[in-house]
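Working notes, structure below.
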Amino acid sequence: MTDEFPDTLTQKIGVLLRRETEARILAPVIDALADAFGRDQVIDIVRQVIIKLAHESGAELAAEYGDSADAFMETLQFWTKGGALEIEVLHRSETQLDYDVTRCKYAEMYRALGIPELGAVLSCNRDFAMVEGFNPDAKLTREQTILGGGKCCTFRYEFPDTTENQV
């Protein structure tokens with residue numbers, strides 16, 4: 001997006017409605033391209049594009065909110081809007097943010113649309129690249145997702161300790 005026409009759609013409608021709209025458009029396009037070029041190749045290209053977009057989105061959020069664990073926690077408002085995610089925060093500090101997603105309406109939506117495998121590509125796939133764009137020194141560990149069959153989605157973020165650089 002350009003500065004002349006910034007992307008404010010997520011702030012207006014929330015991520016869940018945005019992802020549903022995108023999925024309803026992309027799923028038939030992906031199917032048509034898969035028929036022409038092979039599903040694996042098309043899914044790989046879509047995955048790469050989504051990772052690039054997520055990285056850019058993370059950088060944009062950091063530019064607006066900062067790149068700390070607290071700033072990252074603040075940005076979760078866009079993903080949780082309208083109860084889209086139910087989150088249980090397990091640990092929060094300047095260098096760590098651990099939470100479980102105990103309900104994911106994104107997963108429910110992708111299943112209802114009959115495209116859970118695309119949900120993993122279009123949504124879950126973003127998480128690692130997004131935090132890398134947000135703070136290149138931050139790390140995400142995730143052992144399971146609801147969409148992947150887990151009871152919850154486990155998010156374990158480590159952010160760099162910025163107090164070491166202060167005098």
As an exercise, state the distance from [atom1] of [X] to [atom2] of [Y], rounded to the nearest 0.5 Å.
{"X": "Ile115", "Y": "Arg24", "atom1": "CD1", "atom2": "CZ", "result": "8.5 Å"}
{"X": "Lys81", "Y": "Leu76", "atom1": "NZ", "atom2": "CG", "result": "14.5 Å"}
{"X": "Leu118", "Y": "Ile50", "atom1": "CG", "atom2": "CD1", "result": "10.0 Å"}
{"X": "Met109", "Y": "Leu16", "atom1": "CE", "atom2": "CG", "result": "5.5 Å"}
{"X": "Asn125", "Y": "Ile43", "atom1": "CG", "atom2": "CD1", "result": "10.0 Å"}
{"X": "Leu85", "Y": "Cys104", "atom1": "CG", "atom2": "SG", "result": "5.0 Å"}

Would you name the heavy atoms of [X] and [Y] that are closest together and state the gap between them?
{"X": "Ala138", "Y": "Val131", "result": "CB-CG2, 4.0 Å"}
{"X": "Arg126", "Y": "Ala54", "result": "O-CB, 3.5 Å"}
{"X": "Ser68", "Y": "Phe134", "result": "O-CE2, 3.5 Å"}
{"X": "Asp67", "Y": "Ala62", "result": "CB-CB, 4.1 Å"}

Evaluate salt bridge (Lys or Arg N to Asp or Glu O under 4.0 Å) for Arg103 paired with Glu88, printing each intermediate quantity in order. CA-CA 10 Å; Arg103 182 174 182 195; Glu88 179 183 349; over 6 Å; no
Quick one: which of Phe72, Phe128, Tyr99 gives a ring-ring contact (aromatic ring centres under 6.0 Å, His included) with Phe155?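 It is Tyr99, the one option of Phe72, Phe128, Tyr99 that forms the ring-ring contact (aromatic ring centres under 6.0 Å, His included) with Phe155.
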Taking the side chain as C-beta and beyond, is there a heavy-atom pair between [X] and [Y] under 4.5 Å?
{"X": "Gln41", "Y": "Ile45", "value": "yes"}
{"X": "Glu158", "Y": "Thr95", "value": "no"}
{"X": "Glu74", "Y": "Leu61", "value": "no"}
{"X": "Met73", "Y": "Val89", "value": "yes"}
{"X": "Cys152", "Y": "Val101", "value": "no"}

Is the backbone of Leu53 close enough, under 3.5 Å, to the side chain of Ser57 for a donor and an acceptor to pair up by distance?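 Checking the backbone N and O of Leu53 against the side chain of Ser57, no donor-acceptor pair under 3.5 Å is found.
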Can any side-chain N or O of Thr145 pair as donor or acceptor with the backbone N or O of Gly148 at less than 3.5 Å?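 At least one qualifying donor-acceptor pair exists.
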Stepwise, does the salt bridge (Lys or Arg N to Asp or Glu O under 4.0 Å) test hold for Asp70 with Arg92? CA-CA 8 Å; Asp70 282 340; Arg92 183 177 175 183; 3.3 Å; yes
I would like to know whether Arg19 and Glu108 meet salt bridge (Lys or Arg N to Asp or Glu O under 4.0 Å); could you show each step before the answer? CA-CA 12 Å; Arg19 293 294 175 261; Glu108 294 168 16; over 6 Å; no
Within 6.0 angstrom of [X] [atom1], more than 12 heavy atoms from elsewhere:
{"X": "Glu20", "atom1": "CD", "result": "yes"}
{"X": "Asp35", "atom1": "CG", "result": "yes"}
{"X": "Glu86", "atom1": "CD", "result": "yes"}

Do the ring planes of Tyr157 and Phe159 sit parallel (below 30°), tilted (30 to 60°) or perpendicular (above 60°)?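 Because their plane-to-plane angle lies in the 30° to 60° range, the rings of Tyr157 and Phe159 count as tilted.
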In terms of hydrophobic clustering (I, L, V, M, F, W, Y; side-chain heavy atoms under 4.5 Å; direct or indirect links), are Leu90 and Trp79 co-clustered?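 No: no chain of side-chain contacts under 4.5 Å links Leu90 to Trp79.
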Indicate, with yes or no, if Leu140 and Ile51 share a hydrophobic cluster defined by side-chain heavy-atom contacts under 4.5 Å among Ile, Leu, Val, Met, Phe, Trp and Tyr.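 Hydrophobic grouping puts Ile51 apart from Leu140.
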Among Arg156, Lys151, Gln144, which residue satisfies the side chain to side chain donor-acceptor pair (under 3.5 Å) criterion with Asp100?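 Testing Asp100 for a side chain to side chain donor-acceptor pair (under 3.5 Å) against Arg156, Lys151, Gln144 leaves exactly one candidate, Arg156.
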